Amino acid sequence: MRKTWLTLLILILTVALVAGCGGTAQQSQQGSSSGNASSDTSAPAKDSIVIALQGEPTTLDPQYPDDGNMRAVTDNVFERLMELDGRTLEPKPGLATDIKAVDSTTWQLTLREGVKFHNGDPFTAEDAVFSIKRIIDPAYKSQIAGNFSTIKDAKVVDAKTIQIITDGPDPILPKRLTKLDIVDKKYVEANPDKVATAPVGTGPYQVESWNRGVDIKIKAFDGYWGNKPAIKAATYRFIQEGSTRLSALKAGEIDLAVNMLPEYVDQLPAYKTSDGIEFTFLRFNTLRGPMKNKLVRQAACYAIDRDTLAKSLFMGYANVAQGQMAKPGYFGFNDSLKPYPYDPEKAKQLLKEAGYNGEVIQLVSERGRWLKDGELSEAVASMLTDAGFNVKLTFLSWQEWLDTLFNVEKAPDIMFSSNGNELFDMDRFYQAIIKTGGPQSTYSNPDIDKKIDAARNEMDVQKRLQLYKELSQAVYDDPFGIPLLNLKDIYGMSPKLEWEPR
Amino acid sequence: MKRYILMRLLYTVVVILGVSILVFVITHVIGNPVNTMLPLQATDAERAALKHQLGLDKPLMVQLSEFLGGMFRLDFGKSWWQQVPALGIVLHKIPATLQLVATALVIAVVVAIPLGIIAAYKPGTLLDRILTTTSLIGICLPPFWVGLMFVLFFAVKLGWFYTSGYGTIRHLILPALTLSVVPMGHLAQIVRFSMAEQLNAQYSITARAKGASDFAVLFAHALKNAATSIVTMGGMDLGRLLAGETAAVEVVFGWPGFGTLIVDTIGRQDFPLLQAEVFLVAVIICFINLAVDISYGYFDPRIRY
Amino acid sequence: MSQDIQTNAQIQIELREPEQNRNAFQRFLRRFSGNSLALIAFIVLMVIIAVSIFAPYIAPYDPAKSDIVHRLQPPSLAAPAKGGFPHILGTDQQGRDVLSRLIYGGRVSMSVAFAVVAVAGAIGTVIGLISGYFGGWVDLVFMRLVDIQSSFPGLLVALTFVMVLGPGQRNLTIALLIVGWMIHARMARSQVLTARESTMVESSRAIGCSMPRILFGHILPNVISPLITTYVLEMAHMIEAEANMSFLGYGIQPPASSWGLMIGEGRQYITNAWWLVVFPGLIIGITVLCLNLVGNWVREEFDPLQKGRH
């Protein structure tokens with residue numbers, strides 16, 4: 001549900017700022033994130049950089065929105081109990097130094113000592129519990145509360161220990177905590193009007209100023225408990241247009257730009273790519289209408305030439321999804337699945353078999369949220385049309401699209417969507433999109449529902465993996481939709497910047 | 001004169017009221033803000049609660065009178081998007097646009113008036129035809145497209161200016177130049193036609209006969225008499241630009257001004273912010289018109305109020 | 001009725017030299033004498049309109065058919081490898097033929113502008129005629145309404161309507177209608193005020209002609225040429241307005257297309273594929289320019305007061 005680069009940016013920018021940026025081109029040739037800004041060069045290190053985001057954050061209250069522009073800022077300002085290891089996709093200690101399961105529904109965390117908030121308040125167990133309770137409070141209506149739906153309660157044990165209680169066995173709770181920013185209880189309670197604009201966290205950077213419509217400035221926090229970042233300050237600018245970000249980068253106005261188009265690569269002074277987390281997909285309405293027929297759905301699967309989409313439309317900067325909404329490394333990835341082959345003749349034959357008579361098939365999409373989403377939808381619509389589907393493509397505004405996505409009554413025959421699995425675990429996908437009555441589900445199968453719930457509470461890793469393999473095969477054979485592409489993130493960089501995405 | 005200005009001010013108040021009520025009615029009768037603010041699986045109870053919180057459950061007339069009451073205190077409520085007073089946001093964005101528009105108009109005046117005079121001095125010549133046709137072409141090209149062409153040529157190809165952003169003179173030149181094209185065309189045409197007319201007028205001929213130099217004739221008589229048309233046109237362009245017509249060009253250049261704000265407001269369906277923008281636009285346009293009217297008296301002594 | 005026609009004919013004859021011994025087309029062409037630029041503009045305009053109307057027969061490709069293997073191909077006179085007509089204006093981000101999309105896009109741009117001017121022109125003219133003819137409070141009410149709207153920039157009103165109604169061709173047309181009617185009303189009114197005092201109208205009133213008959217039978221035909229000027233110039237204005245709104249994303253929505261939207265969609269590729277942005281902008285410029293030249297010509301040619309102004 002988020003732009004391609006959103007979550008990765010979290011990891012990336014933290015890295016970018018901590019890793020530092022070299023002052024000379026020589027250094028950048030080495031292209032490693034280990035370089036210290038002043039290690040082997042006499043040239044003065046550039047200690048402040050300009051980063052171009054696609055849009056302005058709506059708020060800097062990190063617990064509230066599902067907003068990647070904000071994450072790019074707040075991930076450097078706030079910290080979490082657990083942090084995600086960018087290479088293994090597994091959680092590692094953050095503000096908690098240790099986590100262990102006390103029983104099947106209780107987790108105990110030991111908190112790091114000597115951590116200070118930007119305003120000087122010490123980080124306490126109270127803050128951790130407050131942060132958890134705040135984000136799950138239904139009245140607060142956090143847009144990311146879905147990540148924490150299994151958390152029932154949290155309590156202080158002693159000054160450096162807390163417990164988290166889940167509503168059932170939850171094997172991926174530590175992963176969930178990597179998405180939960182820790183806020184300062186005293187500050188939030190005392191300054192409800194400042195939370196959104198003047199955030200106070202424990203991260204390596206603190207927000208210096210937010211000049212609405214112009215920029216956000218952050219600077220290194222002197223009292224940071226961990227390694228001090230090499231870059232002392234950063235300015236975020238908001239440049240909506242990709243072509244404008246490109247020109248600004250070429251003109252040297254900015255040092256790092258997110259979300260570059262594949263077409264720009266040969267014009268970029270320097271660039272880095274990383275595998276994104278977004279999987280674009282088409283969701284079938286299996287509950288009613290022409291797509292209820294399994295044969296019609298399979299026909300659609302055969303009608304899409306995913307390789308050409310990846311090679312031509314994305315110029316190779318996308319991977320074809322392997323018949324599922326996951327890739328190696330995700331918990332629940334099924335390595336025996338392959339995407340449906342591109343076979344328009346087979347699609348036509350299946351349509352004939354299904355008795356499809358050219359009924360109108362609504363394909364609803366949006367544009368502007370993900371890289372080339374509108375173009376991808378148009379290309380897919382064109383391929384379906386070629387295979388004999390009578391497709392009517394409609395683009396909705398982002399709000400209308402969301403409304404349609406979450407409202408099963410409004411579900412069109414086919415809906416273009418994207419799923420970013422931030423926890424790298426398939427639970428969230430099946431809960432939201434496959435399980436009967438799930439918030440985005442237009443699929444219903446009681447057997448599958450049972451397996452989804454069993455997998456959620458299964459603490460045995462092998463058994464859990466087996467359940468997900470069965471699930472992925474089931475929704476492949478009786479297609480829930482078409483997993484399309486896993487997009488790569490392209491970052492445009494100034495040649496002076498030395499930085500590695502992960 | 002005082003009486004006239006007083007009447008005009010009174011009339012201005014009526015116009016501002018009218019425009020504000022018009023927009024209020026459009027947004028509150030046809031539009032449904034709650035749907036746009038609470039899209040995600042909101043329950044009916046939540047919708048009702050938000051309606052109540054925003055005061056949208058009251059009868060329309062009550063809402064309207066509250067809105068107008070607030071307007072007289074310059075209070076348009078908090079922006080739904082940014083949760084701070086709406087008028088403040090708008091006022092905060094005005095200087096950037098003002099800077100842009102002022103520069104654009106200065107460029108336009110400096111270029112257009114001499115060209116218009118040259119064309120008018122020898123009407124019907126090739127030079128005149130070239131100048132009139134070029135100025136017409138300038139008016140006909142979509143400004144946002146002109147901006148993109150400038151970006152392509154001056155920023156991407158030649159690298160002389162920044163493509164976007166705000167802050168320095170290198171940021172300012174391209175958008176200002178883009179916005180100056182249309183007023184430049186308008187002004188050049190107005191100067192050309194009214195000067196040609198003035199030069200043919202009886203008194204010009206008399207003046208020429210009396211032996212004043214051509215140059216003196218042109219300036220002393222014709223320009224002053226053509227000034228009313230020039231000021232009218234300039235005033236119209238100024239009003240048009242300050243009132244949001246800069247939007248597409250601001251978007252092209254990433255200029256954080258009033259035009260960009262309008263586009264954002266529409267995208268986010270922020271009614272209080274829209275009302276504040278509408279109010280400010282109406283005020284700006286009315287006062288520009290008033291200033292233009294008063295200037296007539298200065299340029300043309302025959303006009304008395 | 002025949003009497004009216006005679007009266008009109010007589011007035012026409014009084015205003016202009018006798019021309020009845022030429023056929024209509026020759027007379028029409030003659031009007032362009034001394035203004036070859038206007039004639040060229042007129043011809044170009046007719047070509048653009050004809051191409052828009054007959055788009056399905058003229059466009060070499062289906063404007064919606066994407067071919068992503070051949071996307072972003074530069075303009076070329078060589079026949080594409082797969083055969084068929086050369087992509088002389090290149091292909092766009094979906095591999096669609098830019099020329100074909102320009103032809104179909106023009107259809108949308110022109111029909112929005114035409115619909116707006118036709119409806120707004122009709123409504124505005126009727127309001128203006130009535131307002132000017134009756135004067136008094138009717139005039140006061142209508143003209144204050146016009147004043148209020150005039151002190152409000154068209155773009156902001158149109159955007160407000162689109163915000164409330166949602167974007168798309170139909171709603172865009174409605175929004176531009178609401179913005180566009182008053183200039184016609186104002187124009188019609190000012191013309192009526194002049195015509196009302198003419199001897200002809202006074203005598204019609206004296207012999208007891210009914211109001212609609214005087215208004216539409218006597219006054220309208222005599223004020224029609226300045227009104228036509230307004231229509232033509234407003235066409236130009238509306239094409240620009242449509243382009244502006246679509247460019248900002250609040251006008252025509254894909255998969256439909258218009259010239260303005262083509263620029264908006266092509267903008268992000270401007271550094272790679274200039275042809276996506278340059279051609280739609282040029283065609284907007286050319287169309288608007290031609291409309292302006294023709295409009296100015298109508299004004300100068302048919303309005304005796306404007307004659308000899310340059």
Side-chain angles (χ1 to χ4, degrees), chain B residues 11-12 14-19 21-23 26-27 29-32 36 123-124 128-129 132-133 136-137 139-146 148-149 151-152 156 192-193 196-197 239-245 247-248 251-252 259 262-263 265-267 269 271 274 277-278 281-282 285-286 289, chain C residues 37 41 144-145 147-167 175 178 236 239-250 259-260 263-264 266-267 270-271 274 276-278 280-293 296 308-310:
Chain B
Y11 178 64
T12 301
V14 174
V15 168
I16 293 170
L17 264 179
V19 171
I21 293 174
L22 186 75
V23 171
I26 295 170
T27 46
V29 175
I30 315 177
N32 187 350
T36 59
D128 175 34
R129 280 171 160 252
T132 7
T133 314
L136 188 61
I137 292 173
I139 296 170
C140 292
L141 296 173
F144 59 87
W145 182 77
V146 173
L148 286 168
M149 294 300 107
V151 168
L152 201 56
V156 177
R192 150 77 178 75
F193 283 106
E197 202 171 49
R240 206 172 45 75
L241 290 175
L242 283 183
E245 294 273 327
V251 167
V252 166
I262 289 177
V263 178
T265 307
I266 301 297
Q269 309 221 345
F271 291 3
L274 183 70
E277 287 163 6
V278 165
V281 162
I285 294 194
C286 283
N289 288 346
Chain C
L37 201 58
R144 284 305 79 85
L145 207 60
D147 280 349
I148 287 177
Q149 269 213 354
S150 312
S151 19
F152 198 100
L155 181 73
L156 200 45
V157 179
L159 281 174
T160 305
F161 267 89
V162 168
M163 174 186 95
V164 168
L165 298 172
I178 287 159
I239 284 178
E240 293 221 303
E242 182 276 321
N244 202 5
M245 298 277 286
S246 298
F247 174 78
L248 288 173
Y250 296 109
W259 294 335
I263 300 178
R267 179 160 60 119
I270 187 167
T271 48
W274 53 270
L276 297 186
V277 170
V278 171
L282 275 180
I283 196 76
I284 294 173
I286 291 171
T287 311
V288 172
L289 180 64
C290 290
L291 282 165
N292 269 298
L293 287 170
N296 289 343
R309 257 187 85 149
H310 61 184

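Keep in mind that what you see is a predicted model, and the values were worked out from it rather than measured. Convention: sequence-line order gives letters A, B, ...; per-chain numbering from 1.
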**Student:** Can you name the nearest heavy-atom pair linking C:A158 to C:A175, along with the distance?
**Tutor:**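 Nearest pair, atom of C:A158 first, then C:A175: O-CB, 3.7 Å.
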**Student:** Compare all side-chain heavy atoms of B:V252 with those of B:W145 and state whether any distance is below 4.5 angstrom.
**Tutor:**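 No. Closest side-chain heavy atoms not under 4.5 Å.
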**Student:** Quick check on C:A236 against chain B: is it the side chain, the backbone, both or neither that has a heavy atom closer than 4.5 Å?
**Tutor:**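 Neither part.
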**Student:** What option among C:T287, C:N244, C:V157 has the most heavy-atom pairs under 4.5 Å with chain B?
**Tutor:**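 Among C:T287, C:N244, C:V157, the one with the most close pairs to chain B is C:N244.
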**Student:** Yes or no on side-chain contact (heavy atoms from CB on, under 4.5 Å) for C:N292 and C:V288, after CA distance, side-chain angles and deciding distance?
**Tutor:** CA-CA 6 Å; C:N292 269 298; C:V288 172; 3.6 Å; yes
**Student:** With a 4.5 angstrom heavy-atom cut-off, could you sort out which part of C:V278 is near chain B: side chain, backbone, both or neither?
**Tutor:**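 C:V278 touches chain B through backbone and side-chain heavy atoms alike.
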**Student:** Are any non-hydrogen side-chain atoms of C:L155 and B:R240 less than 4.5 angstrom apart?
**Tutor:**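 No; the side chains remain at least 4.5 Å from each other.
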**Student:** Side chain, backbone, both or neither: which part of B:L152 has a heavy atom under 4.5 Å from chain C?
**Tutor:**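 When you check distances to chain C, only side chain atoms of B:L152 fall under 4.5 Å.
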**Student:** Check whether C:Y250 reaches the backbone of B:G267 with its side chain - one donor and one acceptor, N or O, closer than 3.5 Å.
**Tutor:**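 Indeed, once roles are kept as given, a pair shorter than 3.5 Å links the two residues.
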**Student:** If you tally heavy-atom pairs under 4.5 Å against chain B, which of C:L291, C:L156, C:L37 wins?
**Tutor:**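 Greatest number of close heavy-atom pairs with chain B: C:L156.
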**Student:** Looking at B:C140, B:A243, B:P142, which one has more heavy-atom pairs under 4.5 Å with chain C than the rest?
**Tutor:**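 Of the candidates given, the most pairs with chain C belong to B:C140.
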**Student:** Can you name the nearest heavy-atom pair linking B:C286 to B:V15, along with the distance?
**Tutor:**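 Taking B:C286 first and B:V15 second, the nearest heavy atoms are SG-CG1, 3.9 Å.
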**Student:** Checking C:I286 against chain B: side chain, backbone, both or neither under 4.5 Å from a heavy atom?
**Tutor:**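 No part of C:I286 comes within 4.5 Å of chain B.
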**Student:** Between chain C and each of B:L274, B:L148, B:L141, B:V146, count heavy-atom pairs under 4.5 Å; write down the option with the most.
**Tutor:**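 The option with the most such pairs is B:L148.
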**Student:** Between B:I262, B:V278, B:V23, B:I137, which has the largest tally of heavy atom pairs under 4.5 Å with chain C?
**Tutor:**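 When all of B:I262, B:V278, B:V23, B:I137 are compared, B:V278 has the most.
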**Student:** Need one label for B:L17: side chain, backbone, both or neither, based on atoms under 4.5 Å from any heavy atom in chain C.
**Tutor:**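 No part of B:L17 comes within 4.5 Å of chain C.
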**Student:** What closest approach, in Å, do C:M163 and B:T265 show between heavy atoms, and which atom pair accounts for it?
**Tutor:**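 Looks like SD-O, 4.3 Å.
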